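The structure appears right after this line, and notes come after that.
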Amino acid sequence: MSKERAVERIGIEPRVGRRIQRSLAGLATFARRQPLGAIGLVVIVASLLAAVLANWVAPYDPNVGTADDRLVGPSAKYFFGTDHQGRDQFSRIVYGTRISLMVSFFSIALGTGGGYLLGIISGYIGGKFDILFQRVMDAILAFPSLLLALVLVAVLSPGIDKVIIAIAIAYTPRAARVSRGVVLSLKENVYVDAARVIGASPTRIMLRHVLPNSLAPFLVLASVALGSAILTEAALSYLGLGVPPPHSSWGQMMSGAAQSFATIAPWLIIFPGVAIAVLVLGFNLFGDALRDVWDPKLRGR
Amino acid sequence: MAKYIVQRLLLIIPTILLLTLLVFVLMRVLPGDVVQLILGDDSGGFVSKGGNMSADVLRERLGLNQPLHMQYLTWLWDMVRGDFGRSIYSNTPVMEDILLRLPITIQLALMGTILGMLLGIPMGILSAVYHNSWMDNLLRFQSIMFLAVPSFWLGLVVILAGSIWFNYVPPIGRNVLWENPIDNLLQLMWPALILGSSGMAVKARMTRSAMLEVLREDYIRTARSKGLAEQIVIMRHALKNALIPVVTLSGLTFASLMGGTVILESIFAIPGMGQLFILSIQRQDYTVVQSTVVVFALVFMLVNLVVDLTYGWLDPRISYS
């Protein structure tokens, strides 16, 4: 009671206050039960902050170098050293977080999200459409996803939107497969039959019954896919087929000049790679923890 | 069994048709005219060297005057006869190049798969047998670590560390296993280990969860109560059953391994399919690009078939009728 009154005094509506409290308590439980998942979440939130607040976090302009400070090793002035143009590596990595997160979020929202929806629809409708859809997905799945993304980027010509589309298409079939399986098992549930019997339309059944229940597996899939999308983007950028130069992206930082100077300035190769690994690890740990929480069958494995 | 194989082979056909159609459409929506691209090209391709072929002649030669569906069917029929056309860049038959390069890439992917299994499966067994111990946690953490590290970065670090501390440079050029085995293995060892390391992580996780599942089965309790040694229970009774999903997975990850070879071959200068693929994308050599993509997909589908067939051997309960 007194807590509620305190919340009221601060001026937040009690319901909202309780909800905030409950979600904070939920987070605390999550952190206690899934310490590794909590570490993952911290990494993700920290990267998000670094990306949003890059202007304030980065000590230098990522694209302007200091001519006198070329290829300086890591120091208090330049945390991660400088490159052959005297640009601060730390600032470039901070700004690179933007590209990595942006490309992976949009490509997964489009590819994994879209694929997941398509899989649900296809699994729900069934019949000839389902068979044809599966064949198309099989055909796309027969390409390694990096290979497919490479061809698509080459066809579409470079650009950040093209990279997003390419990764999205490469990630569509896997999501469609998972969600189709989920729907096929959800369809067998009694409550779906019940809804059909009382005359609910297929659209309503899909939106009210099937979709909400398939959300948990989607979030698990998406959080792991986010990690591998970051890896794919880095590989594309490393090969020079990713995000074009004015932006600093982690993969591209390791290619070209960085490689020619690598033996005298190993930090040019080391730090961008570590940045990629840490962020991907964050997504993987978080995804693993989500799976443990939502799929009790797998708990403790 | 024979009937099942034939059925599966027939099922591959619609997938291949769709797949080639996809590649064909992709290559045709390429922005810009291929002919103009070749004629305007001064990167040293044969046409720019050969000089003065007119746009019409070139168009005729590439078969671009025919209607689209005829172009597709011609391309398909030529591939069936083993003719992948000629490279736009070097004018050599694409088939020759692929035959030279494919064995190296397959060897690399196989080495990666085998190394991944050799490392990953024992780790998974240890993790499951000592479930929730410090060893389990350590092994799980390192496998999740390896999944997060980009393989091309590992490649760069290996080359960097080798040249800084050990004065080591991996052999370059074409080294075939049966011609100069030592150079071949020296060349492929590191990229195979790097490929294997991410496969190892996936396989360790899979083996672990499959083993945990199997160890709860009744027949394991029976085996233990019969008084069999724990080693025999684990290796003979549990492992053999737990391996089934791991084998499936190894087949499926073979595709992503082939993808991984693309970038590692470029880093280690290995003249395989992956390097050819990247080079021809950079040279906009679309006949080579479309052929390599089709070959990659074909290999993947055949591997999947082989994986399906090994089920029967691993799990006699499965019959193919």
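It should be emphasised that the depicted structure is a prediction, and the values quoted were computed from it without experimental measurement. First the proteins, then the strands, lettered A, B, ... as listed; each starts at 1.
Proximity to chain A is limited to the side chain of V23(B), based on heavy atoms less than 4.5 angstrom apart. Of the two parts of L152(A), only the side chain, counted from C-beta on, holds a non-hydrogen atom closer than 4.5 Å to a non-hydrogen atom of chain B. Of the atoms belonging to I230(A), not a single heavy atom falls under 4.5 Å from chain B.
Rounded to the nearest 0.5 angstrom, L160(B) CG and I269(A) CD1 are separated by 6.5 Å. The CG atom of L150(A) sits 7.5 Å away from the CD1 atom of I263(B) when rounded to the nearest 0.5 Å. Summarising the geometry, atom CG belonging to L141(A) is positioned 11.0 Å from atom CE belonging to M301(B); distances are rounded to the nearest 0.5 Å. A distance of 4.5 Å separates CD1 in I144(B) from CG in L285(A), rounded to the nearest 0.5 Å. One finds the OG1 atom of T261(B) at 8.0 Å from the CG atom of L147(A) (value rounded to the nearest 0.5 Å). Atom CG of residue L146(A) and atom CZ of residue F277(B) lie 8.0 Å apart, to the nearest 0.5 angstrom.
For chain B, the option among N284(A), V274(A), V278(A), V136(A) with the highest count of heavy-atom pairs below 4.5 Å is N284(A). Considering only heavy-atom pairs separated by less than 4.5 Å from chain A, the leading option among V262(B), T292(B), L156(B), L17(B) is L156(B).
With sequence neighbours left out, the ring-ring contact (aromatic ring centres under 6.0 Å, His included) criterion links F271(A) to F80(A). Qualifying salt bridge (charged side-chain N to carboxylate O under 4.0 Å, His left out) partners for D130(A), counting only residues two or more places apart in sequence or in other chains: R180(A).
Using a 4.5 Å heavy-atom cut-off against chain B, the contacting residues of residues 231-239 of chain A are L231(A), A234(A), A235(A), Y238(A), L239(A). Contact residues of residues 147-155 of chain B toward chain A are L147(B), A148(B), V149(B), P150(B), F152(B), W153(B) (heavy-atom distance under 4.5 Å).
Here D288(A) pairs with R205(B) in a salt bridge; the nearest charged N to carboxylate O distance falls below 4.0 Å.
When every heavy atom of A139(A) is checked against every heavy atom of L18(B), the shortest pair comes out as CB-CB, 4.0 Å.
Around CZ of R174(A), the count of heavy atoms belonging to other residues, nucleotides or ligands within 6.0 Å does not exceed 12. Applying the 6.0 Å contact sphere to CH2 of W267(A) captures more than 12 heavy atoms from other residues, nucleotides or ligands.
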